[in-house]
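Worksheet for the structure shown next.
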Amino acid sequence: MSADRIALKGLRARGRHGVLAAERELGQEFVVDATLFLDTAPAAAGDDLTKTVHYGELAQALAEVVEGEPVELIETLAQRLADVCLASELVHKVEVSVHKPAAPIPLPFDDVIVTIERSRV
């Protein structure tokens with residue numbers, strides 16, 4: 001397996017995810033980091049976009065998931081995002097972090113982050 005990576009960090013999108021009714025009604029910004037593990041050598045050898053992951057299209061697809069059907073848990077959202085990343089046969093592993101910086105916590109905090117790692121079976 002290759003150790004090559006394509007990383008998309010800090011993708012921002014508004015979603016309505018959360019357990020509380022107010023989170024679903026008002027929505028909030030979520031931040032996504034995704035690191036895809038794949039072999040980029042074939043793309044580099046031929047300067048061929050079709051042999052790698054188009055990160056612009058990936059960003060759009062991930063934003064659509066965040067902006068789409070609400071879920072209660074950001075763990076569920078992270079899984080849906082990982083599934084999008086693994087939809088490309090070129091990707092053999094992915095690490096996805098979902099940040100919820102405006103989580104309804106009544107104490108000072110910087111961020112809530114759920115990070116998952118998934119591999120093609």
Original post:
What pair of heavy atoms forms the shortest contact from Thr35 to Ala7, and how long is it?
Top reply: OG1-CB, 3.9 Å

Subject >> Approximate separation, where rounding is to 0.5 Å, of Leu90 CG and Thr50 OG1 >> reply: 8.5 Å

Subject >> Nearest heavy atoms of Val53 and Ile6, plus distance in Å >> reply: O-CD1, 4.0 Å

Original post:
Does anything in residues 96-114 pair up under salt bridge (charged side-chain N to carboxylate O under 4.0 Å, His left out), and if so which pairs, sequence neighbours excluded?
Top reply: Glu23-Lys100

**OP:** Would you check, one step at a time, whether the test side-chain contact (heavy atoms from CB on, under 4.5 Å) holds for Leu36 with Leu58?
**Re:** CA-CA 10 Å; Leu36 287 63; Leu58 175 66; 3.8 Å; yes

Subject >> Audit row: Thr52, Leu38, side-chain contact (heavy atoms from CB on, under 4.5 Å) steps and yes/no >> reply: CA-CA 8 Å; Thr52 189; Leu38 66 158; 3.9 Å; yes

Subject >> Gap separating the NE2 atom of His17 from the CD atom of Glu67, nearest 0.5 angstrom >> reply: 9.0 Å

Subject >> Over all atoms of both residues, closest heavy-atom pair of Leu11 and Ala63 >> reply: CD2-N, 4.0 Å

Original post:
According to the interplanar angle, ranging from 0 to 90°, do the rings of His92 and Phe37 count as parallel (below 30°), tilted (30 to 60°) or perpendicular (above 60°)?
Top reply: tilted

**OP:** Of all the heavy-atom pairs spanning Cys85 and Val96, show the shortest one and how long it is.
**Re:** SG-CG2, 4.4 Å

**OP:** Answer whether the closest heavy-atom distance between the side chains of Val66 and Val32 falls below 4.5 Å.
**Re:** yes

Original post:
Which pair of non-hydrogen atoms, one from Ala61 and one from Val84, has the smallest distance, and what is that distance?
Top reply: CB-CG1, 3.8 Å

**OP:** Any pair with a residue in residues 42-58 that passes salt bridge (charged side-chain N to carboxylate O under 4.0 Å, His left out), sequence neighbours left out, goes on the list, sorted by first then second residue, please.
**Re:** none

**OP:** Can you see which heavy atom on Val31 is nearest to which on Gly10, and at what distance?
**Re:** CG1-CA, 3.5 Å

Subject >> Any side-chain heavy-atom pair of Ile113 and Val98 under 4.5 Å >> reply: no

Subject >> Listed partners of His99 passing ring pair (Phe, Tyr, Trp, His ring centres under 6.0 Å), at least two apart >> reply: none

**OP:** Output, in order, the C-alpha distance, side-chain angles, deciding distance and verdict of side chain to side chain donor-acceptor pair (under 3.5 Å) for Asp33 and Ser97.
**Re:** CA-CA 5 Å; Asp33 301 326; Ser97 295; 4.7 Å; no

**OP:** Please name all residues satisfying salt bridge (charged side-chain N to carboxylate O under 4.0 Å, His left out) with Glu117, sequence neighbours left out, ordered by chain then number.
**Re:** Lys93

Subject >> Approximate separation, where rounding is to 0.5 Å, of Gln28 CD and Arg16 CZ >> reply: 10.5 Å

Report, one line per pair, each donor and acceptor closer than 3.5 Å where one atom sits in a side chain of residues 70-82; sequence neighbours left out.
from, atom 1, to, atom 2, distance (Å)
Gln79, OE1, Arg118, NE, 2.7
Gln79, OE1, Arg118, NH2, 3.2
Gln79, NE2, Asp83, OD1, 2.9
Arg80, NH1, Glu69, O, 3.4

Original post:
What pairs of residues pass the ring pair (Phe, Tyr, Trp, His ring centres under 6.0 Å) test when at least one of them lies in residues 102-121, not counting sequence neighbours?
Top reply: none

Original post:
Under a 4.5 Å side-chain heavy-atom rule over Ile, Leu, Val, Met, Phe, Trp and Tyr, are Val114 and Ile105 clustered together?
Top reply: yes

Original post:
So do Phe30 and Arg14 actually touch side chain to side chain, heavy atoms under 4.5 Å?
Top reply: no

